[in-house]
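Scroll down for the structure; my scribbles are underneath it.
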Number of protein chains: 2
Amino acid sequence: MSRAAQQPPAARPTLEAVAARAGVGRGTVSRVVNGSPRVSAKARAAVEQAIAELGYVPNQAARSLVTSRTDAVALVIPESVAKLSSEPYFSDIITGVSAELADSDLQLLLVLVRDEHERERLTRYLAARRVDGVLLVSVHQDDPLPELLERLELPAVLSGRRSAQETLGYVHADNAGGARAAVRHLLSRGRTAIATVTGPLDMEAAAARLAGYRQALDEAAVPADEGLVAHGDFTEHGGREGMRDLLARRPGLDAVFCASDLMAAGAMQALREAGRRVPQDVAVVGFDDSVVARHTEPPLTSVRQPTEEMGRLMVRLLLEEIARPARLRRQVVLPTELVVRESA
Amino acid sequence: MSRAAQQPPAARPTLEAVAARAGVGRGTVSRVVNGSPRVSAKARAAVEQAIAELGYVPNQAARSLVTSRTDAVALVIPESVAKLSSEPYFSDIITGVSAELADSDLQLLLVLVRDEHERERLTRYLAARRVDGVLLVSVHQDDPLPELLERLELPAVLSGRRSAQETLGYVHADNAGGARAAVRHLLSRGRTAIATVTGPLDMEAAAARLAGYRQALDEAAVPADEGLVAHGDFTEHGGREGMRDLLARRPGLDAVFCASDLMAAGAMQALREAGRRVPQDVAVVGFDDSVVARHTEPPLTSVRQPTEEMGRLMVRLLLEEIARPARLRRQVVLPTELVVRESA
DNA sequence: CACACCTGTGGGAGCGCTCCCACCGCGATG
DNA sequence: CATCGCGGTGGGAGCGCTCCCACAGGTGTG
């Protein structure tokens, strides 16, 4: 087909063109576009009309070049373990982040980091300051990214923290408190041999959940039994394996607290294999209260953390830090809540 | 706290600085950075060393300004229905897109469009050509975005299509074929009163699945019965409602094909409420083979579509189109596969 | 009535890059 | 021996914007 009628994709109008049409200078147009108050009503009206008539949209690259802002933030997800879809936690964070960002004029860059190579790419990218700030989720203790962010003096907010001495801003849930509530609930239902499947302990969230589990037992004067502690990795597979271990070591257990819903789902599979009924023989509690919790059979009692709200809050903290970088980093802990269903 | 020691965040070196250090001109550095072959080995080595020594990273804004490329693509997800986390389909697309993009040097912008206001924001954004291309998923028949993309002559690839006459490039699964396979499977197991819960019929994928269902019954000379067709919206809630309707209208049904796994999960809840056993009384088949399928009780037989691969393929098509825009748009249909589990 | 001061304005400079043209030196060619 | 071609090179121009300085014109003060 002839493309003779093809017109050069309609060269976009520039600031200059708008200025000419409105009969004002470039400076005035720029002031209107950027919402400066130092513009007369008359000039403003003329400029706004010219903008509308020409369909002017500012060129972000030109703006960036001179302001050295990018009006974009990156959400970095280390996808070390599994796929995004099996971790509803990430999806909920994304939803919250995106929602909160929609009200600002920032764009959301999604960066999944699968391997070393991709981490290097990200490093170069951040060094080039191609974003104004970074949201980092699922932080591990030895994760090199937080340090990089500090070195680059790039505004950043974590979900989770490296340790209790975290220097960057962060948002996380009351992991210890949630775990405590879960175990207390099991105790109150008369369970006595309560096991746990932990998350990866190089993540503070996982360590805190284990600590909460221990506290609750301690409070109730239940003697500690390391045989009742299995280590998982937040995944379904890890939950299944952990549960099998536990059943082998302590066949008499009558409850298990899993540090994620996915692990709880895996644990329930292992229990079913072993012929144990949930909750009659073994009560199960998860953590996250993600969609998975509603799809297990029986539905899973779980510790709800406000994941989406955490995403929103991360954005708010990040915007604050971008606005005034020197300030002390804010660190926020959100409450959790036990959602009781049939599994416990 | 005193910030006396505060140093200006280490002004990043420019092309010019590299050129000076390497003892060459700006042009040569630019050629090296952009991989032009027209550079002598000697000059190249000198430049590369200077780059390493200075830690030079090109300024993307400056580059963009002159090339009018952005090296970014947007993945647009109309989040009309529910949350991201309850739709594993989207997560898998994201995973695939991100993986494929990692090998190119493009960035992924994630844009969730929740309402009219956010759509307008996106429209302005696209008009400003702040991305080199767009991936659009979950396309509805009356969706204004595809038309906008055509008008803007912005490279774009859809997942799903508006109709069989789609003019834009797209990738989708063999929806009709998958549905046919599902229903044939049910027929082969001796089911005779096979119902279906459809997706939103303004999406071609949903319409095609319904068509496939009808074809399979037709081939088997099973008389059509509109009472066995309920309309859902791909969500769990829709599946539950649809199933209740079906049970009310045709209590004798012995199988149901649901156009999504989520609806199948909802349908199974409704069946349980009604005291029907799955699969003994009613066999259930879903569509997507998402993580949900493995978490239902019993595990769900489902039509697998290669969602992640679809994401990757969308990126490949988009890159092609960005490279040479005038070409005919490629349209690809990927095969589906029935994964048999215990629900049917 | 001279002066300072404030609001609103125009436009030069310059952000860091790519594009392109001019030019250099060399070996091959007539 | 003059001419050409060609790989390799330097650097001017310019992308579209913001920043900032200079300046116009009005208002208020001594």
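To find a chain, count down the sequence lines: A is the first, B the second, and so on, and within it residues start at 1. Both backbone and side-chain heavy atoms feed into the values below; hydrogens, waters and symmetry mates do not.
- Looking only at side-chain heavy atoms (C-beta outward), B/R162 and B/L168 come within less than 4.5 Å of each other.
- Residue A/N34 places at least one side-chain N or O under 4.0 Å from the OP1 or OP2 atom of D/dT18.
- Atoms CZ (B/R130) and P (D/dC17) sit 13 Å apart, rounded to a whole Å.
- At least one side-chain nitrogen or oxygen of A/S30 sits closer than 4.0 Å to the OP1 or OP2 atom of D/dT18.
- The interatomic distance linking B/Q60 (CD) with C/dC15 (P) rounds to 19 Å, in whole Å.
- Between B/R63 and C/dT18 there is a side-chain N or O to OP1 or OP2 distance below 4.0 Å.
- In this structure, B/Q331 contributes its side chain and B/E166 its backbone to a donor-acceptor pair below 3.5 Å.
- Rounded to an integer number of Å, the gap from CG of B/N59 to P of C/dC15 is 12 Å.
- The shortest heavy-atom contact between B/A156 and B/E321 is O-OE1, 3.3 Å.
- Rounded to an integer number of Å, the gap from CD of B/E16 to P of C/dG14 is 13 Å.
- Comparing B/R31 and B/A61, the nucleotide of DNA chain C nearest to each residue sits closer to the 5' end for B/A61.
- The phosphate of D/dT9 (OP1 or OP2) has a side-chain N or O of B/S40 nearer than 4.0 angstrom.
- When rounded to the nearest whole Å, the span between NZ of A/K42 and P of D/dG25 equals 13 Å.
- Distance A/L65 CG to C/dA13 C1': 13 Å, rounded to the nearest Å.
- Salt bridge status for B/E118 with B/R121: absent, with no side-chain N to carboxylate O gap under 4.0 Å.
- Nucleotides of DNA chain C nearest to A/P37 and A/R26 differ in position, and the one nearer the 5' end is that of A/P37.
- Of the candidates D/dG7, C/dC17, D/dG16, the closest approach to any side-chain atom of A/V66 belongs to D/dG16.
- Among the atoms of the strands shown, only primed sugar atoms or phosphate atoms (P, OP1, OP2) are found under 4.0 Å from some heavy atom of A/A43.
- Side-chain nitrogen and oxygen atoms of B/T28 include none within less than 4.0 Å of the OP1 or OP2 phosphate oxygen of D/dG8.
- Taking a cutoff of 4.0 Å between a charged side-chain nitrogen and a carboxylate oxygen, A/R316 and A/E309 qualify as a salt bridge.
- If you take CZ of A/R38 and C1' of D/dC20, they are 14 Å apart, rounded to a whole angstrom.
- Atom CZ of B/R69 is separated from atom P of C/dC17 by 14 Å (rounded to the nearest Å).
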